[in-house]
Structure formats: structure tokens, C-alpha cells
Undergrad: 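Right, I'll just put the structure down here and ask away after.
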Amino acid sequence: MGVINYFKTLFGAIATLLTGLKTTITVFFRKKTTQCYPENRSTLKISERFRGTLTMPVVDGKTKCIGCGICQNACPNGTITVITRSVVNPETGKAKKELDRYIYDHGSCTYCQLCVNACPYDAIKFTPEFECAVFNRNKLVMQLNPVVETEEVKPNVEPENK
Amino acid sequence: MFDFSIVTSWIDSMLRGVMPAWAALTIEYVLIGVVILLVYALIALSLIYMERKVCGAFQCRLGPNRVGPMGIFQAVADMVKMLIKELIYIRNSDKFLFKLAPFIMITASVMAFGCLPFGRGLHVLDFNIGIFLLLSVSAVSIVGVLLAGWASNNKFSMIGAMRSGAQMISYELSLGISMLTMVMLAGTMSFSGIVEAQADGWFLFKGHIPALIAFIVYLIAGNAETNRGPFDLPEAESELTAGFHTEYSGLQFGFFYLAEYLNLFIVSAVAATVFLGGWMPLHIPGWEGFNAVMDYIPSVVWFFGKTYLMIFVLMWFKWTFPRLRVDQILTLEWKYLLPIGLFNLMLMAIIVIFGLHF
């Protein structure tokens with residue numbers, strides 16, 4: 001019994017070791033997954049889910065953002081600043097809050113995606129654009145909604161609830 | 001096939017022609033020492049590069065590819081980095097033994113390196129107990145490991161050294177017995193005699209079943225002997241930081257690193273010499289044309305080709321199998337390898353006595 005068990009474990013062990021060797025040698029000859037980045041810049045494929053930059057998709061010159069500021073509250077490190085303005089509807093005469101500027105400070109973003117998850121209108125999303133290096137830190141602060149040239153002078157205020 | 005002894009004897013006679021015998025001998029010793037150390041360093045660099053490339057390929061990545069074409073200067077850059085690092089001596093360590101340990105390691109592996117037959121007539125130390133000498137001098141490195149762990153005054157180093165003591169001394173037995181099996185087949189212990197005996201077929205084929213078993217036992221024991229692969233318990237970086245060389249830095253660490261890779265080379269070279277014919281080309285009895293073609297390939301190419309093939313196999317083991325536990329390592333040696341080796345020795349004796357080999 002003991003002897004049979006001895007040889008059983010011996011040959012069983014050899015068989016499993018050979019299985020392992022077979023697996024690794026197939027990986028050895030497999031095509032390598034390393035991306036040689038600067039050389040293959042033109043053909044580089046980054047996963048769609050990669051979080052590179054926060055963007056606000058614009059359809060027909062309009063964004064889905066309603067300026068509710070939930071993303072600003074969700075952001076753990078004050079990356080997002082939503083500046084709203086009050087617009088009076090000429091028909092009803094009621095004032096309505098509307099997005100004025102959506103300021104995103106790329107330099108302090110940790111790509112946690114809490115803002116995207118918090119947004120009730122799917123107005124913002126992360127794109128895999130990752131080459132964001134600039135020479136000036138001010139250039140990292142950008143406005144995500146389209147910049148509109150309005151005749152009225154913009155209220156050049158620092159966001160009140162920073 | 002080119003015989004390197006023509007070159008060496010020409011140098012010898014030329015030197016003896018212009019100076020007394022003792023001066024010629026001294027110059028030759030120095031020359032051989034320089035060449036051996038140079039080849040030693042170059043082989044170590046090539047092995048570090050090969051290890052990183054092979055490891056990368058086994059993990060489905062490319063490995064170093066930035067320094068020089070295909071990253072071939074990566075190992076050189078690493079070496080330069082290591083040479084300019086500071087040597088740190090820790091407090092309360094045994095200074096003398098601490099400094100001595102790397103030298104013991106490197107001396108043992110250089111001495112073993114000198115025993116290898118690199119080609120026809122290209123052989124530094126060739127005498128009638130070649131294999132015995134090689135096994136003995138490579139066993140000295142255990143002392144280096146133990147001293148390094150002891151002198152470091154560090155628990156991790158001490159545990160690593162103790163483990164390596166248990167492991168290397170155990171596996172020395174299997175190594176010796178598998179070598180003994182092949183010595184029995186060859187009828188000689190000198191490397192040149194063993195290589196000459198394989199002129200009409202390598203021992204792996206000539207000795208068939210027992211040679212194959214001895215080959216496998218040798219590979220496992222040799223791998224354990226180099227502290228690599230699944231047997232890297234003495235260094236076990238996930239549990240012991242770096243085992244016995246935790247406290248070493250700079251060049252002293254470099255010595256351990258170099259010795260580890262050269263031990264890998266030596267184990268592979270001995271496997272290639274004893275089982276695969278060393279520098280002897282592939283000869284098949286009866287196929288005269290084939291044998292003549294094989295003879296055109298230089299003996300050094302045969303030797304290094306076989307050795308690097310064996311190194312690749314050992315690296316394949318290393319990057320496939322997970323590390324064993326201490327008790328598993330000792331079980332493998334004492335309950336499996338050693339009984340198999342002894343049985344195999346007896347089998348080989350029967351085969352040699354009745355002439356059942358080819």
C-alpha cells in the first residue's frame with residue numbers, strides 16, 4: 001500500500017510538472033503583449049475603459065449637463081468646479097439655473113471616476129486620451145463645456161463655493 | 001576539428017624560447033587567470049541578459065529592449081550601476097567574515113569554472129579526478145553562504161543561510177550519486193576522458209534508461225545546488241527579503257550575484273559535458289558523411305550551444321514552478337531523489353557489467 005502510494009505520488013507529480021512545463025513553453029512562443037509605446041504611437045490601442053481625461057461630450061453644440069453640481073460634491077479633491085448662472089425664460093418669466101462654466105483641474109484629478117458615477121445625466125465621461133503633459137500648470141485647468149462668446153460680460157468671479 | 005592545444009603549446013614553446021621556464025610558467029598562469037576571469041565576467045553578463053529575456057518571454061512580455069539594440073547593453077548598465085554603489089558595513093556584524101564570504105563564493109565558482117573543458121584542447125585543469133575536483137570545489141560555496149548569513153547579524157540572513165545549509169548539503173548527495181553513475185559508465189573521472197568516450201554517441205543515448213534517470217536527477221539536484229528556480233529558499237525574497245545576502249551591497253552583492261549565475265553555467269556545463277558530450281559533435285556510428293559534416297562545427301560552438309540549451313531548460317524550470325517549502329525540499333531529496341539515485345546507480349552497475357549499453 002505504502003509502496004504503491006509512493007510510486008503513485010511520484011508519477012503523479014512528474015505528470016503535473018510536465019503539464020506546467022507545457023503551459024509555460026506555449027506562453028514562451030506566444031506573441032508578446034508588450035506595447036513599445038513611443039514607437040507604436042500611431043497604432044496604439046488603449047482600452048475604452050481607460051481613464052485618461054475627463055470630457056463632456058457635446059452633441060449639436062449642447063451638453064447634457066444641467067449644472068446640478070453633484071459631481072463637484074462627489075469629487076474627493078476639489079478637481080471639479082461647476083459655475084452656474086441664472087437665466088430668465090422670456091415666456092414664463094421664471095429664472096432657471098444653467099451651466100455657465102465647467103472647470104476641470106486635470107492636475108489634481110485622481111481618475112477615481114466618482115464624478116462620472118454620480119452624474120445623473122451621463123454628461124461627463126472619461127476618455128483614454130492619456131498624453132496630457134504640458135509645461136505650465138495653468139494649462140491643466142480647462143473648461144469642459146464649449147466656450148461660448150456671449151455679448152454680456154461674463155461674471156468674472158471665482159467660484160463662490162470652492 | 002581544430003585542436004586548441006596547438007595554440008597553447010605554441011604560446012608555451014614561444015615563451016620558453018625567450019625566457020627561463022619559471023618565468024614562462026608565471027606568465028602563462030597570469031594569462032590564464034586573466035582570460036578565465038574575463039570569460040567568467042562575460043558569461044555572467046550574457047546569462048543575466050538571457051535570464052531577463054527568457055523570463056520576459058515566459059511572462060509574455062519582451063524583457064529589456066531599450067539599452068542598445070534588443071537591450072543587449074542592459075546587463076552592462078546594471079554592472080556599472082553595481083560597481084559604483086557604496087559598500088555598506090552594518091554595525092555589530094562580524095566584519096572579517098562579512099568581507100570574506102563573497103570571496104569564498106566567487107573563489108569556489110571560479111575554481112569550478114576552471115575545470116570545464118571548453119573545447120578540444122581548451123581546458124585549464126585536466127587531471128584524472130576532474131569531476132571529483134569540480135564537485136568538491138563547488139561545494140565550498142556552501143561555506144560562503146553560511147558565513148554570509150552568520151556574519152550579517154540579521155535574522156533573515158541567518159534563516160536563509162541555515163536553509164541553504166540544509167538544502168545544499170542534502171542535494172550534494174544526489175548530485176554526487178548521479179555523477180557517480182555516469183563515471184561508472186565512462187570508466188574515468190577526467191573530463192577529457194569522459195568527452196573522448198562520447199565520440200561515438202553521447203552518454204545520454206549510450207547509457208539509455210539509467211543515464212536518463214541520472215540526467216533528470218542531476219538537473220533537479222543541480223538546480224537546487226545553484227539556489228535557483230523552485231529551490232530558491234535561501235533567498236526567498238517574499239519571506240526573507242534576500243536571504244543570506246540581505247545585508248550586502250555594491251560589489252559584494254555583485255559577487256554573490258555573479259557566483260549565482262556562474263553556478264548556473266557550471267551546472268549546465270557539467271550536464272552538457274557528462275550527458276551530452278561536451279564539445280564532442282553529434283556523432284552517429286555508421287553515418288560517416290554526417291559525422292564529417294558535424295566535425296566542421298567548431299568544438300567551442302558545440303560546448304556553448306549545449307550549455308546554453310541546458311541553461312534554457314533550467315530557466316524554464318525556474319519560471320514554471322513555484323517555490324517549495326523547506327520540508328517539501330528535504331522530502332524530495334531524502335525520500336525521492338536519493339533512493340532513486342541509489343537504485344539507478346545499481347542499475348547502471350548491472351548494465352555496465354553485462355555490457356548492455358551501446
Undergrad: Would you compute the distance between atom CZ of B/F317 and atom CG of A/L21 and round it to the nearest 0.5 angstrom?
TA: 5.5 Å
Undergrad: Hey, is CZ on B/F312 packed in by over 12 heavy atoms from elsewhere, all under 6.0 Å?
TA: yes
Undergrad: Does A/L10 reach the side chain of B/I340, with side-chain heavy atoms less than 4.5 Å apart?
TA: yes
Undergrad: Could you tell me which portion of B/P339 (side chain, backbone, both or neither) has an atom closer than 4.5 angstrom to a non-hydrogen atom of chain A?
TA: side chain
Undergrad: Would you say that more than 12 heavy atoms from the other residues, nucleotides or ligands in this model lie under 6.0 Å from the CZ of B/F73, or not?
TA: no
Undergrad: Kindly check if the number of other-residue, nucleotide or ligand heavy atoms within 6.0 Å of CD1 (B/I209) is above 12?
TA: no
Undergrad: Here's a test: name every donor-acceptor pair under 3.5 Å between chain A and chain B, with the distance for each.
TA:
unit_1, atom_1, unit_2, atom_2, d
A/Y6, OH, B/K335, O, 2.5
A/T9, OG1, B/Y336, OH, 3.2
A/L21, O, B/W316, NE1, 3.1
A/T24, OG1, B/W316, NE1, 3.0
A/T24, OG1, B/T320, OG1, 2.9
A/T33, N, B/C60, O, 3.1
A/T33, OG1, B/C60, O, 2.9
A/T34, OG1, B/L62, N, 3.0
A/E39, OE1, B/R66, NH1, 3.4
A/E39, OE2, B/R66, NH1, 2.8

Undergrad: Would a line drawn from the ring center of A/F29 to the ring center of B/F58 be shorter than 6.0 Å?
TA: no
Undergrad: Kindly write out the residues that satisfy side chain to side chain donor-acceptor pair (under 3.5 Å) with A/Y121, not counting sequence neighbours, or none if the list is empty.
TA: none
